Amino acid sequence: MKLSPHYGLLWVAALSWTGWAVGAPAPADDLKAFATGGARILESQKGDLNGDGRPDALLVLDPPAPADAKLGEGPAREVVLVVRDASGQLQKVASNAHLVPCEQCGGSSGDPFGYSKVAPGSFTIVNGGGGREHWSDEYTFTYSAEKKDWFVAQVARKVEDSVTGRQKAIQLSAKDLGSVSFQEFDPSKLPEVTLP
């Protein structure tokens, strides 16, 4: 069978299109490279974290817990921001180990990590836990192109009694919190939300 001389070009084009050509970038970024020291990726969200039009990633890393960890004890999770540079490679640019509590720190509700979401130039982390009194925290950060960093934009904290239905919530804005960068943000320094 005689093949057309264009067949070879079509085959190379097809391989390049699927990402299988020699020297082509991998079809998916290897985010596992950012999970070091035995940590596993609990969650990853892709999106444009800094508003430059390139796909970046937010990772929530779960470090290994001691075998004898008790309820309410264990290492906090690390939230890591990886941003795509001009050459297309992802680079770790910021992290925070205060936002997501340990796996055993959610009370009878279990793991307190809820979810994360990424929007152009911002991201949000949501946690929750408790027993009869269920609590939730939502932290939103936005990117400042001028300062080349992410700053807390909003915090929503809530507690609700599952038996009586009583609840209390607070909303804090950047105006209330001041200029606090993602890496410096520590929820333990925020006002507690408690029921009387």
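Being a predicted model, the structure only gives us computed values, none of them experimental.
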Side chain to side chain contact (heavy atoms under 4.5 Å, CB included) filter on Thr164, not counting sequence neighbours, yields Arg132, Asp161, Arg166

Look at the side chain of Arg84 and the backbone N and O of Pro55, then say whether any donor-acceptor pair between them is shorter than 3.5 Å.
yes

For residues Ser109 and His134, determine if any side-chain heavy atom of one lies less than 4.5 Å from a side-chain heavy atom of the other.
yes

Working to the nearest 0.5 Å, report the span between SG of Cys102 and CD of Gln104.
6.5 Å

Say whether Val180 and Ile125 are linked into one hydrophobic cluster, either directly or through other cluster members, by side-chain heavy-atom distances under 4.5 angstrom.
yes

Nearest 0.5 angstrom please: Ser181 OG to Asp149 CG, how far?
5.0 Å

Over all atoms of both residues, closest heavy-atom pair of Leu61 and Ala35
CD2-CB, 3.9 Å

With side chain to side chain contact (heavy atoms under 4.5 Å, CB included) as the criterion, how do Lys148 and Val93 come out once you've worked through the C-alpha distance, each side chain's angles and the decisive distance to 0.1 Å?
CA-CA 10 Å; Lys148 298 193 183 313; Val93 294; over 6 Å; no

State the CD-CD distance between Gln154 and Glu138, to the nearest 0.5 angstrom.
7.0 Å

4.5 Å side-chain heavy-atom contact, Ile41 and Lys32
yes

Report yes or no: does Glu43 contribute a side-chain atom to a donor-acceptor pair with the main-chain N or O of Ser116 at less than 3.5 Å?
yes

Could you tell me if the side chain of Val79 sits less than 4.5 Å from the side chain of Leu58, heavy atoms only?
yes

What residues, two or more places apart in sequence or in another chain, satisfy side chain to side chain contact (heavy atoms under 4.5 Å, CB included) together with Asp137?
Trp135, Tyr139, Arg157

Output all residues satisfying salt bridge (charged side-chain N to carboxylate O under 4.0 Å, His left out) with Lys92, sequence neighbours left out; order by chain, then residue number.
Glu78

For Ala156 and Gln171, the nearest pair of non-hydrogen atoms, with its separation, is CB-NE2, 3.6 Å

Can you get from Val60 to Tyr115 by hopping between Ile, Leu, Val, Met, Phe, Trp and Tyr side chains that sit under 4.5 Å apart?
no

So, using side chain to side chain contact (heavy atoms under 4.5 Å, CB included) as the criterion, who are the partners of Asn50 when residues are at least two apart?
Asp48, Asp52, Asp56, Val83, Tyr143, Trp150

ILVMFWY network linking Val193 to Phe185, side-chain heavy atoms under 4.5 angstrom:
yes

Tell me whether Thr124 contacts the main-chain N or O of Lys117 through its side chain, where contact means a donor paired with an acceptor under 3.5 Å.
no

For a quick test of reading the model, state the closest non-hydrogen atom pair linking Pro64 to Pro75 and the distance between them.
O-CG, 3.7 Å

Filter on salt bridge (charged side-chain N to carboxylate O under 4.0 Å, His left out), then keep only pairs touching residues 174-196, sequence neighbours left out; what's left?
none

Partner set under ring pair (Phe, Tyr, Trp, His ring centres under 6.0 Å) for Phe182, not counting sequence neighbours:
Phe123, Phe141

Are Ser179 and Lys147 close enough that some pair of their side-chain heavy atoms sits under 4.5 Å apart?
yes

What pair of heavy atoms forms the shortest contact from Ala76 to Ala97, and how long is it?
CB-O, 3.3 Å

Which heavy atom of Ser122 sits nearest a heavy atom of Thr142, and at what distance?
CB-CG2, 3.8 Å

The reported gap from NZ in Lys168 to CG in Leu195 (rounded to nearest 0.5 angstrom) is 8.0 Å

CA sep, side-chain torsions, deciding dist, call: Leu49, Val118, side chain to side chain contact (heavy atoms under 4.5 Å, CB included):
CA-CA 7 Å; Leu49 287 168; Val118 175; 3.8 Å; yes

Taking Arg77 as the fixed residue, which of Leu99, Leu59, Asp111, Asn96 is the one that meets the side chain to side chain contact (heavy atoms under 4.5 Å, CB included) rule?
Asp111

Please give me the minimum heavy-atom distance between Leu90 and Val82, naming the atom from each residue.
CD2-O, 3.9 Å

Side chains of Pro191 and Leu172 in contact at under 4.5 Å (non-hydrogen atoms)
yes

Let me see the working for Leu177 and Leu190 under side chain to side chain contact (heavy atoms under 4.5 Å, CB included), right down to the final yes or no.
CA-CA 9 Å; Leu177 299 164; Leu190 297 174; 3.4 Å; yes

In the single-linkage hydrophobic clustering (I, L, V, M, F, W, Y; side-chain heavy atoms under 4.5 Å), do Val80 and Leu31 co-cluster?
yes

